[in-house]
Amino acid sequence: RGAAEAACGFCAGLMSQHLGNGPLQVSALRALQGLLPLTDFEALEARVAVEMLAAAMRRHSQSLDVLEAACSALAGSMAGRTDLQATALTNGAPEEVVSAMRRFPGNVNLQTWACGALAGLCANHPANQAAVAACRGVDCLLGAMRQHPAQALLQTMACGACGNLAANNMNNQTAIATMGGLDLAIAALRNHPDAPTVQQSAIGAIWCIVKRSPENQSLVTRSGGTNLIVEAVHRHQNDAGLRAMASGALQILVPGLADAMAAARQGSAQPSAREVTPDTVRAQATLQQQQ
């Protein structure tokens, strides 16, 4: 057993023995924020710690400090950990996060970390995607984006959550777009042009929401989202992660771009003229200039 697992077990034990002690729960949760990502996959101590995290959220549902600390711990530990995502789901963590957002809509820190928690819970996890949607988490997520448009970190977390909710989930894609999620992601691009983390997260959200959805693709184009993505690549020329995200989104949004880029990679002839539009040429030139 490693040090991180032992420390998680110690924190979980304290939380279980003193469940009614709010300050102790906050301290333990803050410790878990750093410990959980260090634990081995399927570590029993980590799963028990997540169980106690959810229990603390239920017991202290009116405590802003407890809820914020719990959401922060979830945000930093869930992505890529299907063992912890499953434990969180079984213990009702998605519902507790959404309830916290509904209870404290005006608190920027709580909303920020709750959005991050939803992003982590839903990353490549269909069951958590369904659970968050079922408890009306999309409402709260988009509500946070509307209420706090100037908060860059919140917008980054929220766009990440939108993308992870929508990824390979047509029902969530439709729900997010219908409720204004695409407009909000485009607004984040427009409002935070000099923040590469916001730009990359918003582009990723757009990519996930428009994939295999011609209707959503048309909405982004009509709203100027395609041009904003191209502008983001120009503005942040040295950001490889942003460029890769933009490349994926633009190959869906710009007719003929995917074929043109494939042809360029293979050194073959360009697609036929009828497949190439001015937007195709501009987007391809932008992406190739930054490589």
Side-chain angles (χ1 to χ4, degrees), residues 20-30 32-33 53-78 88 92-123 128-129 131-166 172 175-195 197-199 201-202 204-205 209:
N21 186 328
L24 184 145
Q25 298 293 313
V26 171
S27 296
L29 288 166
R30 288 176 177 163
L32 289 176
Q33 180 181 357
L53 180 154
M57 295 186 78
R58 285 192 297 274
R59 178 65 179 268
H60 299 276
S61 61
Q62 302 299 321
S63 170
L64 184 58
D65 289 341
V66 170
L67 296 175
E68 182 183 327
C71 287
S72 182
L74 288 171
S77 61
M78 292 290 111
E95 292 83 0
E96 294 302 326
V97 172
V98 173
S99 294
M101 297 181 77
R102 194 172 289 120
R103 193 167 291 118
F104 297 100
N107 187 278
V108 173
N109 287 338
L110 184 279
Q111 294 293 314
T112 297
W113 292 115
C115 289
L118 294 181
L121 287 165
C122 294
N128 276 334
Q129 287 177 320
V132 170
C135 64
R136 301 187 67 181
V138 175
D139 288 348
C140 291
L141 184 60
L142 301 185
M145 296 181 74
R146 288 191 185 93
Q147 188 164 347
H148 307 286
Q151 298 295 325
L153 182 57
L154 184 149
Q155 294 294 319
T156 300
M157 298 284 194
C159 285
C162 284
N164 288 349
L165 268 166
N172 286 353
I176 292 169
T178 300
M179 296 167 63
L182 275 173
D183 291 332
L184 289 167
I186 291 169
L189 284 174
R190 199 171 274 124
N191 293 336
H192 300 274
D194 296 319
T197 55
V198 178
Q199 297 286 301
S201 188
I209 298 169

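All residue numbers refer to positions in the sequence shown, counting from 1.
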Heavy-atom closest pair, residues [X] and [Y]:
X	Y	value
Gly180	Arg146	CA-NH2, 4.1 Å
Phe104	Gln62	CZ-O, 3.6 Å
Ala119	Met157	CB-O, 4.2 Å
Ile176	Leu165	CD1-CB, 4.0 Å
Ala144	Leu154	O-CD2, 3.7 Å
Ala75	Gly116	CB-C, 3.5 Å

Looking at [Y], is its backbone amide N or carbonyl O close enough to the side chain of [X] to form a donor-acceptor pair, meaning the two atoms are under 3.5 Å apart?
X	Y	value
Ser201	Gly160	yes
Gln129	Asn164	yes
His148	Pro105	yes
Thr156	Ala152	yes
Gln199	Asp194	no

Side chain proximity check, [X] to [Y], heavy atoms < 4.5 angstrom:
X	Y	result
Asp139	Met179	yes
Met57	Cys71	yes
Leu64	Leu110	yes
Arg136	Arg102	yes
Leu141	Val132	no
Cys162	Met145	yes

Next item on the list: Evaluate side-chain contact (heavy atoms from CB on, under 4.5 Å) for Leu118 paired with Val98, printing each intermediate quantity in order.
Entry: CA-CA 8 Å; Leu118 294 181; Val98 173; 4.2 Å; yes
Margin query: Within this structure, what is the CG-CG distance for the pair Leu67 and Asn109, rounded to the nearest 0.5 Å?
Written below: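 Leu67 atom CG to Asn109 atom CG measures 13.0 Å (nearest 0.5 Å).
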Margin query: Working to the nearest 0.5 angstrom, can you tell me the gap between His60 NE2 and Asn21 CG?
Written below: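 Here the rounded value is 7.5 Å.
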Next item on the list: Flag yes if more than 12 heavy atoms outside Arg103 fall under 6.0 Å of its CZ atom; otherwise flag no.
Entry: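 Above 12, so yes.
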Margin query: My understanding is that only residues two or more places apart in sequence, or in another chain, count here; which of them pass side-chain contact (heavy atoms from CB on, under 4.5 Å) with Ala188?
Written below: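 Ala188 satisfies side-chain contact (heavy atoms from CB on, under 4.5 Å) with Gln155, Cys159, Val198, Ala202 once adjacent residues are dropped.
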Next item on the list: Any chance you could lay out the side-chain contact (heavy atoms from CB on, under 4.5 Å) test for Met101 and Cys115, step after step, and finish with the verdict?
Entry: CA-CA 9 Å; Met101 297 181 77; Cys115 289; 3.9 Å; yes
